[in-house]
> 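The structure is given below, and queries will be raised subsequently.
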Number of protein chains: 2
Amino acid sequence: MKFNFMINLHNKTYTCPVDVSLSFIRGKWKVLILFHLHYFQKRSYSEIRDNLPGISEKVLAQQLKELERDGMITKHLRTRKPLRVEYALTDLGRSLSPMLEFLSQWGIEYLKTNGIDYLQDQHLYK
Amino acid sequence: MKFNFMINLHNKTYTCPVDVSLSFIRGKWKVLILFHLHYFQKRSYSEIRDNLPGISEKVLAQQLKELERDGMITKHLRTRKPLRVEYALTDLGRSLSPMLEFLSQWGIEYLKTNGIDYLQDQHLYK
DNA sequence: CCGCCACCCTACTTTTTGGTAAGCTCTTTC
DNA sequence: GAAAGAGCTTACCAAAAAGTAGGGTGGCGG
């Protein structure tokens with residue numbers, strides 16, 4: 001039983017629907033950004049940046065742009081005079097929420113079985 | 001509200017549990033391999049290869065090794081005389097099944113809203 | 001005994017991705 | 001009016017990931 005045929009979409013080729021899904025979340029920080037927005041609903045540029053320790057401005061701006069282009073997030077101009085923006089998930093982005101939650105829970109579980117209690121630690125560090 | 005502290009595990013640093021989860025499935029083909037094994041239960045090296053059009057033997061062997069090292073899959077020696085092996089998900093690997101199913105369904109949905117009926121096409125190509 | 005297939009491995013190159021550092025506008029704050 | 005912060009951009013460089021091309025063993029089928 002084989003079904004190795006290709007899917008063509010947006011001038012790219014995918015091996016299967018999973019591959020299509022993955023194309024949206026590839027990139028070191030994308031899922032983290034999506035999870036962040038899932039968790040906080042609306043966030044400014046600097047709020048996202050400050051909660052992703054290690055990300056560079058270049059990469060952040062880049063991935064935000066790609067996520068916006070792909071219809072996963074929106075960028076809302078709050079004020080133009082002092083430039084203030086707000087990022088949030090779109091409906092499409094929100095449709096990934098179950099996965100984002102799953103990844104978070106799975107990670108917490110994995111840490112627990114490896115002797116790290118994330119929730120307790122979170123409490124310690126706050 | 002901020003909680004930017006780090007998690008240390010296996011000599012690496014993670015920003016949050018989601019990041020921990022992601023570390024297991026990074027790589028262009030890993031999720032595809034996992035989904036494949038989720039779908040077929042047991043598969044040989046060449047069965048996996050033939051169902052991932054475009055993957056090189058180098059990368060396949062590499063990612064299989066990493067997945068094995070990370071406890072996601074097992075490699076079972078079926079026969080030694082003619083070397084025949086069988087890859088399958090471990091319990092840990094199987095614990096990702098909900099996500100694998102989700103990614104597949106999400107991709108199918110996405111394709112549908114973009115005018116591609118995957119199931120129908122699958123029928124056509126088989 | 002020739003070739004093919006399963007099951008890889010290795011050296012090397014290319015591509016992709018991410019990081020560094022700096023700069024720029026506008027605005028509020030001291 | 002200097003500094004600092006939001007929200008970026010750009011040029012350049014490094015690292016990571018993936019691709020290419022070949023090699024190798026050991027059956028098995030003809």
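Per chain, numbering begins at 1; letters A, B, ... match sequence-line order. Computed from heavy atoms alone, side chains included, the values below leave out hydrogens, waters and symmetry copies. Worth saying up front: this structure is predicted, and the values here are computed from it rather than measured.
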> Could you give the CD-to-C1' distance, from B/Gln63 to D/dA17, as a whole number of Å?
9 Å
> How would you list, by chain and number, every residue that makes a ring pair (Phe, Tyr, Trp, His ring centres under 6.0 Å) with B/Phe24, sequence neighbours excluded?
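With neighbours one apart ignored, the set is A/Trp106, A/Tyr110.
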> Any pair with a residue in residues 94-106 of chain A that passes salt bridge (Lys or Arg N to Asp or Glu O under 4.0 Å), sequence neighbours left out, goes on the list, sorted by first then second residue, please.
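Of all non-adjacent pairs touching residues 94-106 of chain A, those that pass salt bridge (Lys or Arg N to Asp or Glu O under 4.0 Å) are A/Asp91-A/Arg94.
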> Residues two or more places apart in sequence or in another chain: which of them pass salt bridge (charged side-chain N to carboxylate O under 4.0 Å, His left out) with A/Lys28?
none
> Does A/Ile33 reach the side chain of A/Leu60, with side-chain heavy atoms less than 4.5 Å apart?
yes
> Start at the 5' end of DNA chain C and walk down; is the nucleotide closest to A/Val59 or to A/Lys81 reached first?
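Result of the comparison: A/Val59.
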> Hey, can you pull the donor-acceptor pairs under 3.5 Å for the side chains in residues 66-87 of chain B, sequence neighbours left out?
residue	atom	partner	partner atom	Å
B/Glu66	OE1	B/Lys30	NZ	2.6
B/Thr74	OG1	B/Ala88	O	3.4
B/Thr79	OG1	B/Pro82	O	2.5

> Rounded to the nearest 0.5 Å, what separates atom CG in A/Leu111 from atom CD in A/Glu109?
9.5 Å
> Using a strict heavy-atom distance below 4.0 Å, which residues from residues 26-33 of chain B are in contact with DNA chain C?
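Here the set is empty: none.
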> B/Tyr45: what forms a ring pair (Phe, Tyr, Trp, His ring centres under 6.0 Å) with it, not counting sequence neighbours?
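Checked B/Tyr45 against ring pair (Phe, Tyr, Trp, His ring centres under 6.0 Å); zero matches.
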> Check salt bridge (charged side-chain N to carboxylate O under 4.0 Å, His left out) between B/Lys12 and all other residues, then give those that pass, not counting sequence neighbours.
none
> Starting from the first five and the last five pairs of the helix from C/dC1-D/dG30 to C/dC30-D/dG1, work out the angle between the resulting helix axes, to 10 degrees.
10°
> How would you label the contact of B/Glu66 with the nucleic acid (heavy atoms, under 4.0 Å): base, sugar-phosphate, or nothing?
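Since no nucleic acid heavy atom lies under 4.0 Å of B/Glu66, the category is nothing.
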> For A/Thr90, give me all partners under side chain to side chain donor-acceptor pair (under 3.5 Å), at least two apart in sequence or on another chain.
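Checked A/Thr90 against side chain to side chain donor-acceptor pair (under 3.5 Å); zero matches.
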> Under the side-chain contact (heavy atoms from CB on, under 4.5 Å) test, which residues partner B/Lys58, sequence neighbours left out?
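Residues passing side-chain contact (heavy atoms from CB on, under 4.5 Å) with B/Lys58: B/Ser56, B/Gln62.
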> Enumerate the protein-to-nucleotides 7-12 of chain D contacts in which both atoms are nitrogen or oxygen and the separation is below 3.5 Å.
residue	atom	partner	partner atom	Å
D/dG7	OP1	A/Val85	N	3.0
D/dG7	OP2	A/Tyr45	N	3.2
D/dG7	OP2	A/Ser46	N	3.1
D/dG7	OP2	A/Ser46	OG	3.1
D/dC8	OP1	A/Lys75	NZ	2.8
D/dC8	OP2	A/Tyr87	OH	2.9
D/dC8	N4	A/Glu57	OE1	2.9
D/dT9	OP1	A/Lys65	NZ	2.6
D/dT9	OP2	A/Lys65	NZ	3.3

> Minimum heavy-atom separation for A/Met6 to A/Thr15, with atom names?
SD-CA, 4.0 Å
> Mind checking which nucleotides bracket the chain A contacts on DNA chain C, 5' to 3', with an atom under 4.0 Å from a heavy atom?
C/dG18 to C/dT28
> What distance do B/Ser95 atom OG and A/Phe102 atom CZ have between them, rounded to the nearest 0.5 Å?
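The CZ atom of A/Phe102 is 6.0 Å from OG of B/Ser95, to the nearest 0.5 Å.
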> When rounded to the nearest 0.5 angstrom, what is the spacing between CG in A/Leu52 and CD in A/Gln63?
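So the gap between those two atoms works out to 9.5 Å.
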